[in-house]
Amino acid sequence: MTAFCSGAVPGVASKTTAAGDGGATYDIAFAGAGLAALSLAVRLIGLPDPPRIILIDPRTEFPHDRTWCHWQLHQTPFDPAITHRWPQWTVRSSTVATTRRGVHTPYVRIPSGQFYKVATEKLSVAPQVTFLRGVSVDKIENHPDHTTLHLSGGQAISSAWTFDNRPPESSHAPWRQIFRGLELHSPEADLDSGTVTLMDFQSANSDGIRFFYVLPLDQKTALVEDTWVAPRGNDPRFSDEEILTYAHTHLASVPWQIRHREDGNLPMGFRPSAVNRKNRIIPWGTAGGAVRASSGYAFSRIQRASETMTHYWSQHRRPDPAVAHESQLLAWMDRVFLRVMERHPERVPEFFLRMFDRVPPEALVRFLESEPRPADILRVMRALPAAPFLASALP
Ligand SMILES: Cc1cc2nc3c(=O)[nH]c(=O)nc-3n(C[C@H](O)[C@H](O)[C@H](O)COP(=O)(O)OP(=O)(O)OC[C@H]3O[C@@H](n4cnc5c(N)ncnc54)[C@H](O)[C@@H]3O)c2cc1C
């Protein structure tokens, strides 16, 4: 059974030395037990000869603190945590709206609390896993044959490899997606619970791009998010009143109660340092560049990287840091998109409306989920106006 503990690690001294892969106490350490660490750990314990794993996180509780949505192209071990599937989505500006359907690729919701429950239940029956809560990783050292993690309690542990899942400084990214979401409930509401509003654009200028995002959870409840895509240095201020005003105006003019809130500040265009296959510390999740630069989505990319990394480990019993890195073509397209956004922020609503309107839903979903076929990329390129993108494609 997994050792779930808070504070000291059983059997680990205050100073540890390791003589090599074989001498390290663990095969894999996770600094941080968030989405990316748990996604990989759950897959690794399913291998016939699973590695010895330690997960270390300052949190002692793993409650519902965020809502993960994505278009479901594949099954994952976390499907039991899916609570909602929407076949239809809308994007709108003040003048135009487009609604598309994708019954084979629904937009799905996983509340983080459900995800953590599924993940920790799976890990709790794995004897080779230690889960250390209430402890931070202060420093990680890379050595030729192992890594050393220095913990907040003064202990040190050795692991052959470390996946560093600690959040990077979001100020290092050129753009950030910053948002506040409120789950609103009213017994008097009568919402259309079959359609998600992905983007309802409010404004777009050099301060950033602002839109509302609405997930109708049932006819009486919705998660309503006020979202800014803002350049570095711009910190939009949020107020519950503005979100409530939006709900009154656009959802239903009824008294809304706030049931839950979540805040986010995601780096867009954050690039991890170049892959060094000799380095035993592997940036993982957001720190490894998992957040898509052009959209802020990360869930599916983390699932795919975890799948590939597990396969690699099963073949070679070591990780390949390159698997977390995305295709050069998509990374380049996203860089061009961010450049166009910087030069023409006022046109961003038009770009998204064109994409959702002109590209068939399945093709666009594959593109947004970072799994495009060559024809999908051509369709997206054809949907966008050529002049600003060609001008920004040149360095
Ligand atoms: C509110 C919110 C909503 C989001 N919604 C979506 C969505 O709908 N779809 C989507 O695709 N993406 C979404 N994202 C983006 C992305 O999927 C998440 O940020 C996701 O949690 C990233 O996973 P991660 O493992 O990189 O980071 P996290 O899940 O944040 O994990 C990082 C872990 O590191 C731990 N940690 C911090 N400091 C230390 C330390 N010193 N030592 C050890 N551990 C440490 C933290 O406690 C945490 O558990 C959302 C993000 C937020 C914040």
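Both counts, for ligands and for their atoms, begin at 1 and track the order of listing.
At the top of the distance list for atom 31 (O) of ligand 1, counting protein heavy atoms only, stands G34 CA, 3.2 Å. Among protein heavy atoms, atom 4 (C) of ligand 1 sits closest to T67 O, 3.7 Å. With respect to atom 7 (C) of ligand 1, the closest heavy atom belonging to the protein is C69 N, 3.4 Å. If you check which protein heavy atom lies closest to atom 24 (P) of ligand 1, you get N165 ND2, 3.5 Å. For atom 29 (O) of ligand 1, the nearest non-hydrogen atom of the protein is L35 N, 3.0 Å. When hydrogens are left out, the protein atom nearest atom 37 (C) of ligand 1 is P167 CD, 3.4 Å; that is the closest non-hydrogen contact. Protein heavy atom at the shortest distance from atom 22 (C) of ligand 1 is T286 OG1, 3.4 Å. Protein heavy atom at the shortest distance from atom 46 (C) of ligand 1 is D57 OD2, 3.6 Å.
Using the six-membered ring where Trp is involved, F78 and F115 have ring planes that are tilted, between 30° and 60° apart.
Under the 6.0 Å distance and 45° angle rule, R382 does not count as a cation-pi partner of F389.
Among the atoms of A287, none of the N or O lies under 3.5 angstrom from an N or O of ligand 1. By the 3.5 Å distance cut-off applied to N or O atoms, W68 is counted among the residues near ligand 1. For the pair A298 and ligand 1, the shortest N or O to N or O distance falls below 3.5 Å. Considering backbone and side-chain atoms alike, V137 places an N or O below 3.5 Å from some N or O of ligand 1. Of the N or O atoms in G285, none lie within a sub-3.5 Å distance of an N or O in ligand 1. Taking distance alone, with nitrogen or oxygen atoms compared against 3.5 Å, R166 stays at or beyond that limit from ligand 1.
Counting atoms of ligand 1 from 1 in the listed order, those under 4.0 Å from a heavy atom of F299 are 10 (C), 11 (O). Of all atoms in ligand 1, numbered sequentially from 1 with element shown, those under 4.0 Å from a heavy atom of R59 are 47 (O), 48 (C), 49 (O). Taking every heavy atom of F179 and a limit of under 4.0 angstrom, the matching atoms of ligand 1 come to 1 (C), 2 (C), 3 (C), 52 (C). Close approach of ligand 1 to S136 is summarised as follows: ligand atoms under 4.0 Å from at least one heavy atom of the residue are 41 (N), 42 (N). Near I56, with a cut-off below 4.0 Å to any heavy atom, the atoms of ligand 1 are 43 (C), 44 (N). Close approach of ligand 1 to L266 (heavy-atom distance below 4.0 Å) involves ligand atoms 15 (C), 19 (O), 51 (C).
Contact annotation: F62 has no heavy atom less than 4.0 Å from any atom of ligand 1. Ligand 1 lies less than 4.0 angstrom from a heavy atom belonging to D263.
Between R166 and D164, at least one side-chain N (NZ, or NE/NH1/NH2) sits under 4.0 Å from a carboxylate O, which counts as a salt bridge. Residues D57 and R133 are not paired through a salt bridge, judged by the lack of any N-O separation under 4.0 Å between the basic side chain and the carboxylate. Electrostatic pairing of E350 and R354 counts as a salt bridge here, judged by a charged N lying under 4.0 Å from a carboxylate O.
The line from CD1 of I140 to CZ of R280 is 14.0 Å long, rounded to the nearest 0.5 Å. Atom-to-atom distance recorded for L223:CG and L215:CG is 5.0 Å, nearest 0.5 angstrom. Atom-to-atom distance recorded for W256:CH2 and E188:CD is 9.5 Å, nearest 0.5 angstrom. Taking CD1 of I282 as the reference point, atom OG1 of T162 lies at 8.5 Å (rounded to 0.5 Å).
The part of I302 lying near ligand 1 is the side chain, judged by heavy-atom distances below 4.0 Å. Contacts of D138 with ligand 1, taken as heavy-atom pairs under 4.0 Å, are absent altogether.
Linking Ile, Leu, Val, Met, Phe, Trp and Tyr residues whenever their side-chain heavy atoms come within less than 4.5 Å places I28 and L38 in a single cluster.
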Practice task
Step by step, work out the ring pair (Phe, Tyr, Trp, His ring centres under 6.0 Å) result for F337 and F352.
Solution key: CA-CA 11 Å; F337 190 83; F352 277 101; 5.6 Å; yes

Handout entry: Derivation and outcome, side-chain hydrogen bond (donor to acceptor under 3.5 Å, both in side chains), residues R52 and Q128
Key = CA-CA 5 Å; R52 295 164 300 164; Q128 72 286 8; over 6 Å; no

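Screening F299, W68, W71 for a ring-ring contact (aromatic ring centres under 6.0 Å, His included) involving Y107 leaves a single residue, W71. Under the side-chain hydrogen bond (donor to acceptor under 3.5 Å, both in side chains) test applied with T67, the options R109, E183, H84, E262 reduce to a single match, E262.
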